[in-house]
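Sequential numbering from 1 along the given sequence is applied to the chain's residues. Being a predicted model, the structure only gives us computed values, none of them experimental.
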Amino acid sequence: MQGLSCGTSRIVGCRFSIYPMADNFVDIIIGALKEVDTSKVWMKTDDVSTCVRGRSEHVFDVTKAIFTHATKTGVHVVFNGTFSIGCPGDSEGDTYMSESDERLNEEASRVEKVEVATQFALYPLNNPDYMQVIADQVGVAADHGTFTKGVHYASRLDGDVHDVFQSLEEAFVNASKTDDRSHVTMTAAVSANSPSTKDN
């Protein structure tokens, strides 16, 4: 961690990739990006993935919108991302923390109705009560009606994309509030339009 300094705010970040299972995957990804307003987040894309950073509501708004717009094509699309808060050295992009809480993409993405299958894993780092924190947030997903079952190294969520992303966001934000200084990460693999038979 040499050369890194702690940020001044509780920035949330997500490094993610979306994978449309189609020959025209580039067009699908670029098309989805063009439909999403990213003005309230810091965002950078390289040849491997895209990183989005800012307030939690805007990070989840943007990532959900990009994925949802990509699924409109009807092809099988997978979102694979890692969300993080409290990472030591996370200071670049602090200015986006002053944005209002209005979500710029919610209205447009809410129009789309997409069924998704998701596996997510929550990691409350350096928290001695991490198992209870995880269990509590799985309980939140169960209350939402999205939790399907536990699987090896993850929990399974199924349902409408908006309900599932709400479960993911609440689980992540709630876990981060257990300790204001904590570093929490969450991995999520979200699949839509899969030709595979659902395995519950």
Quiz item: Are Phe165 and Thr63 close enough, and set up right, to give a side-chain contact (heavy atoms from CB on, under 4.5 Å), and what steps lead you there?
Solution: CA-CA 9 Å; Phe165 264 84; Thr63 52; 4.1 Å; yes
Quiz item: Is a side-chain donor-acceptor pair under 3.5 Å present for Ser109 with Thr68?
Solution: no
Quiz item: Between NZ of Lys72 and CG of Asn193, what distance do you get to the nearest 0.5 Å?
Solution: 12.5 Å
Quiz item: Which pair of heavy atoms, one from Val184 and one from Ala175, lies closest together, and at what distance?
Solution: CG2-O, 3.9 Å
Quiz item: How long is the span from the SG atom in Cys14 to the CZ atom in Phe172, to the nearest 0.5 Å?
Solution: 8.5 Å
Quiz item: Got a donor-acceptor contact below 3.5 angstrom from the Thr146 side chain to the Ala141 backbone?
Solution: yes
Practice problem: Report yes or no: do Ile66 and Val26 belong to one cluster of Ile/Leu/Val/Met/Phe/Trp/Tyr joined by side chain heavy-atom distances under 4.5 Å? | Solution: yes
Quiz item: Taking atom CD of Glu107 and atom CD of Glu102, what is their separation to the nearest 0.5 Å?
Solution: 9.5 Å
Quiz item: Less than 4.5 Å apart, any side-chain heavy atom of Glu169 and any of Ser167?
Solution: no
Practice problem: Evaluate the criterion side-chain hydrogen bond (donor to acceptor under 3.5 Å, both in side chains) for residue pair Ser84 and His183; output intermediate values, then yes/no. | Solution: CA-CA 7 Å; Ser84 179; His183 182 189; 3.1 Å; yes
Self-check item: Tyr19 and Asn80, any side-chain heavy atoms less than 4.5 Å apart
Solution: yes
Practice problem: Look at the side chain of Asp163 and the backbone N and O of Gly159, then say whether any donor-acceptor pair between them is shorter than 3.5 Å. | Solution: no
Self-check item: Minimal non-hydrogen separation, Phe67 against Val78, with atom names
Solution: CE1-C, 4.2 Å
Quiz item: Sub-3.5 Å donor-acceptor pair from the side chain of His162 to the main-chain atoms of Glu112, do we have one?
Solution: yes
Exercise. Please name the pair of heavy atoms, one in Ala171 and one in Leu122, separated by the smallest distance, quoted to 0.1 Å.
Key: O-CD2, 4.0 Å
Quiz item: Is there side-chain contact between Phe147 and Val140, with heavy atoms separated by less than 4.5 Å?
Solution: no
Quiz item: Are Ile28 and Ile30 linked, directly or through other ILVMFWY residues, by side chains that come within less than 4.5 angstrom of each other?
Solution: yes
Quiz item: Of all heavy-atom pairs between Ser176 and Ser182, which one has the smallest distance, and what is that distance?
Solution: O-OG, 3.6 Å
Self-check item: Over 12 foreign heavy atoms within 6.0 Å of CG, Asp46
Solution: yes
Practice problem: Please tell me if the side chains of His144 and Gln166 come closer than 4.5 Å, counting only heavy atoms from C-beta onward. | Solution: yes
Quiz prompt | Closest non-hydrogen atom pair, Ala70 against Val77 | solution = O-CG2, 3.7 Å
Quiz item: Taking it one step at a time, do Asp37 and Asn105 satisfy side-chain hydrogen bond (donor to acceptor under 3.5 Å, both in side chains)?
Solution: CA-CA 6 Å; Asp37 189 334; Asn105 299 285; 5.7 Å; no
Quiz item: Checking salt bridge (Lys or Arg N to Asp or Glu O under 4.0 Å) for the pair Glu106/Lys64: CA distance, chi angles, key distance, verdict?
Solution: CA-CA 9 Å; Glu106 181 65 18; Lys64 182 182 76 169; 2.9 Å; yes
Practice problem: Look at atom NZ of Lys113 and say whether more than 12 heavy atoms of other residues, nucleotides or ligands are closer to it than 6.0 Å. | Solution: yes
Exercise. May I ask whether Phe83 and Tyr153 are part of the same hydrophobic cluster, defined by side-chain heavy atoms of I, L, V, M, F, W, Y residues being less than 4.5 angstrom apart, directly or through others?
Key: no
Quiz item: Going by distance alone, is a donor N or O of one side chain under 3.5 Å from an acceptor N or O of the other, for Arg15 and Thr82?
Solution: no
Quiz item: Any side-chain heavy atom of Arg53 sitting closer than 4.5 Å to one from Val41?
Solution: no
Quiz item: Heavy atoms, side chains only, cut-off 4.5 Å: are Met21 and Val75 in contact?
Solution: no
Quiz item: Is the count of non-hydrogen atoms from other residues, nucleotides or ligands lying under 6.0 Å from Asn126 atom CG greater than 12?
Solution: no
Quiz item: How far apart are the closest heavy atoms of Tyr123 and Ala121, and which atoms are they?
Solution: OH-CB, 3.5 Å
Quiz item: When rounded to the nearest 0.5 angstrom, what is the spacing between CZ in Phe60 and CZ in Arg103?
Solution: 9.0 Å
Quiz item: Could Lys40 and Glu57 be called an ion pair, given the rule that one side-chain N must be under 4.0 Å from one carboxylate O?
Solution: no
Quiz item: Short question: side chain of Ser17, backbone of Val48 - any donor-acceptor pair under 3.5 Å?
Solution: yes
Quiz item: Roughly how far, to the nearest 0.5 Å, is the NZ atom of Lys177 from the CZ atom of Arg10?
Solution: 11.0 Å
Quiz item: Any side-chain heavy atom of Pro20 within less than 4.5 Å of one from Thr73?
Solution: no
Quiz prompt | Val138 reachable from Met186 in the ILVMFWY side-chain graph, under 4.5 Å edges | solution = yes
Exercise. Could you check whether the rings of Phe79 and Phe16 sit parallel, tilted or perpendicular, using 30° and 60° as the cut-offs?
Key: parallel
Quiz item: Going from OG1 on Thr50 to CD1 on Ile18, what distance comes out if it is rounded to the nearest 0.5 angstrom?
Solution: 8.0 Å
Quiz prompt | Transitive ILVMFWY side-chain link Ile85 to Met97, under 4.5 Å | solution = no
Quiz item: Quick one: does Asn127's side chain get under 4.5 Å of Val133's, heavy atoms only?
Solution: yes
